[in-house]
Enquirer: 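One structure follows; several queries about it will come next.
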Amino acid sequence: MTEVNILSEMETMIYPTVDTPQLVVLIQYQVGQAPLRMLTIPKAEYRHQDLPRLIREDMEKAKTAGPRIIEV
């Protein structure tokens, strides 16, 4: 089992389209010294008991999604 630090959990409004507001829960977390990660979950679909599963799924995505490299 991996220890995860929940750094913040807050509700905010986003606009997926200009005229469609959506209430979401933003959860910022960190595993060890890894970079911070953030989950954005629609408020209507968020259940606190699902948080461990959602974080596990996001951690798997983080393993395959490497950093982008750009030239400036």
Enquirer: Does atom CD of Glu3 have more than 12 heavy-atom neighbours, drawn from other residues, nucleotides or ligands, at distances under 6.0 Å?
Expert: no
Enquirer: For Val72, what are the other residues in its hydrophobic cluster, where any two members join if their side-chain heavy atoms are less than 4.5 angstrom apart?
Expert: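 Listed partners: Ile70.
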Enquirer: Please evaluate residues Glu60 and Arg56 with respect to the criterion salt bridge (charged side-chain N to carboxylate O under 4.0 Å, His left out), reporting the C-alpha separation (whole Å), side-chain torsions for both, the decisive distance (0.1 Å), and the verdict.
Expert: CA-CA 6 Å; Glu60 286 301 313; Arg56 275 193 305 275; over 6 Å; no
Enquirer: Can you name the salt bridge (charged side-chain N to carboxylate O under 4.0 Å, His left out) partners of Glu9, sequence neighbours left out?
Expert: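 Salt bridge (charged side-chain N to carboxylate O under 4.0 Å, His left out) check on Glu9 returns nothing, list empty.
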Enquirer: If Ile, Leu, Val, Met, Phe, Trp and Tyr residues are connected whenever their side-chain heavy atoms lie under 4.5 Å apart, and connections chain through other members, are Met38 and Met10 in the same group?
Expert: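 Met38 and Met10: one cluster.
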Enquirer: Who passes salt bridge (charged side-chain N to carboxylate O under 4.0 Å, His left out) against Lys61, sequence neighbours left out?
Expert: none
Enquirer: Connecting only ILVMFWY residues whose side-chain heavy atoms lie within less than 4.5 Å of each other, what is the rest of Met59's hydrophobic cluster?
Expert: Val4, Ile6, Val25, Ile27, Tyr29, Val31, Leu39, Ile41, Tyr46, Leu51, Leu54, Ile55
Enquirer: According to the salt bridge (charged side-chain N to carboxylate O under 4.0 Å, His left out) rule, which pairs have a member within residues 25-35, sequence neighbours left out?
Expert: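 Non-adjacent pairs meeting salt bridge (charged side-chain N to carboxylate O under 4.0 Å, His left out): zero.
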Enquirer: Which pairs, with at least one residue in residues 28-47 and sequence neighbours excluded, count as a salt bridge (charged side-chain N to carboxylate O under 4.0 Å, His left out)?
Expert: Glu11-Lys43, Arg37-Asp58, Arg47-Asp50
Enquirer: Could you state the interatomic distance from CG (Leu26) to OG1 (Thr40), rounded to the nearest 0.5 Å?
Expert: 5.0 Å
Enquirer: To the nearest 0.5 Å, how far apart are CD in Gln22 and CD1 in Ile14?
Expert: 4.5 Å
